[in-house]
S.K.: 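Pasting in a structure now, in structure tokens, and then I'll have a few things to ask.
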Amino acid sequence: IRKSKDDQFVLVHDDSLGRLTGEDAIVADLTVAQLKKEKLLFKGKETTDVILTLDEVLETYEGDFIFYLDNKIKTLKAAEDLAQVIERHDAYTSVVVACTDFFFIAYLELKHPEINTVLEGFTPGKELFYKLLPGKLKPDFIASFASDIDADHVQWLKKNNLLNKRIIQIQNTYSEI
């Protein structure tokens with residue numbers, strides 16, 4: 001997720017719209033109204049679909065799915081704003097907030113422990129870092145790409161009873177969206 005110019009969370013992965021709509025524009029430079037004018041592409045062809053806000057998705061689908069929010073805004077203000085959206089929709093069981101930034105995740109764990117968090121980029125070699133984290137700041141889940149996992153890491157996860165807290169991401173390359 002990212003934020004629009006008018007400070008709304010929108011469901012967009014990249015910082016620009018190129019891959020999603022074919023437009024050469026930065027998400028943070030456009031308002032939600034401007035973003036909604038852009039039609040999404042599918043296999044290079046324009047669809048009738050538009051970019052959605054997080055509020056729209058939670059209002060429409062809350063309770064139907066668990067949303068893995070791959071957060072790209074790493075400020076503490078964004079963490080607090082995101083917590084407010086989750087609280088407003090009472091979406092604690094419908095949302096998992098993921099981020100590569102430890103401080104973003106630690107802030108949510110400290111201030112909003114009811115929100116499920118994922119520390120992304122937890123690759124082999126970071127095990128000591130995890131052990132040094134105070135319990136209150138540890139994420140609910142840890143994640144990385146499947147290609148980053150090795151047998152020693154799996155053994156460490158088992159030994160530390162963390163295998164059930166591990167999310168494996170499969171990286172897909174999109175030649176045509």
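Atom set for the values below is all heavy atoms of this structure, side chains included, hydrogens, waters and symmetry mates excluded.
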S.K.: Take atom CG of L76 as the centre, draw a 6.0 Å sphere, and report whether it contains more than 12 heavy atoms from other residues, nucleotides or ligands.
M.R.: yes

S.K.: Does K39 NZ have over 12 foreign heavy atoms under 6.0 Å away?
M.R.: yes

S.K.: Between T117 and D140 (side chain of the first, backbone of the second, donor and acceptor by atom type, cut-off under 3.5 Å), is there such a pair?
M.R.: yes

S.K.: Specify the closest pair of heavy atoms between G63 and S94, including all atoms of both residues, with the distance to one decimal.
M.R.: N-OG, 3.4 Å

S.K.: Any chance you could measure D6, atom CG, to L30, atom CG, to the nearest 0.5 Å?
M.R.: 9.5 Å

S.K.: At what distance, to the nearest 0.5 angstrom, does CG of L17 lie from CG of L40?
M.R.: 9.0 Å

S.K.: Might you point out which heavy atoms bring K158 and L163 nearest each other, and give the distance in Å?
M.R.: CG-CD2, 3.7 Å

S.K.: Taking all non-hydrogen atoms of both residues, which atom of V97 and which atom of F104 are closest, and how far apart?
M.R.: CG1-CE2, 3.9 Å

S.K.: With rounding to the nearest 0.5 Å, note down the distance linking CD in E120 to CZ in F102.
M.R.: 15.5 Å

S.K.: Might you confirm whether atom CG of D64 has over 12 heavy atoms from other residues, nucleotides or ligands at distances under 6.0 Å?
M.R.: yes

S.K.: I need the minimum non-hydrogen distance between K5 and T31, along with the two atoms involved.
M.R.: CB-N, 3.9 Å

S.K.: If every non-hydrogen atom of A106 is compared with every non-hydrogen atom of L137, which pair is closest and at what distance?
M.R.: O-CD2, 3.7 Å

S.K.: Considering all heavy atoms of both residues, which atom of Q8 and which atom of V32 are nearest to each other, and what is their separation?
M.R.: CB-CG2, 3.5 Å

S.K.: Main chain of K77, side chain of E80: is a donor-acceptor contact present, judged purely on distance under 3.5 Å?
M.R.: no

S.K.: Is it the case that the ring center of F122 lies less than 6.0 angstrom away from the ring center of H153?
M.R.: yes

S.K.: Rounded to the nearest 0.5 Å, how far apart are CZ of F9 and CG of D81?
M.R.: 5.0 Å

S.K.: Name the one of V96, V118, L82 that satisfies side chain to side chain contact (heavy atoms under 4.5 Å, CB included) with L69?
M.R.: L82

S.K.: Is there a donor-acceptor pair closer than 3.5 Å between any side-chain N or O of R2 and the backbone N or O of D14?
M.R.: yes

S.K.: Just by distance, no angles: are the side chains of D55 and T53 close enough, under 3.5 Å, to form a donor-acceptor pair?
M.R.: no

S.K.: Establish, for the pair K74 and F103, whether the NZ or CZ atom is under 6.0 angstrom from the six-membered ring centre and no further than 45 degrees off its axis.
M.R.: no

S.K.: Does L20 belong to the same Ile/Leu/Val/Met/Phe/Trp/Tyr cluster as L35, with side-chain heavy atoms less than 4.5 Å apart forming each link?
M.R.: yes

S.K.: Report the distance from atom CD1 of I51 to atom CG of L11, rounding to the nearest 0.5 Å.
M.R.: 9.5 Å

S.K.: Atom CG in N116, atom OH in Y92: separation rounded to 0.5 Å?
M.R.: 11.5 Å

S.K.: Answer yes when E127 and K159 have at least one side-chain N-carboxylate O distance shorter than 4.0 Å, and no when they do not.
M.R.: no

S.K.: Look at the side chain of K72 and the backbone N and O of V12, then say whether any donor-acceptor pair between them is shorter than 3.5 Å.
M.R.: no

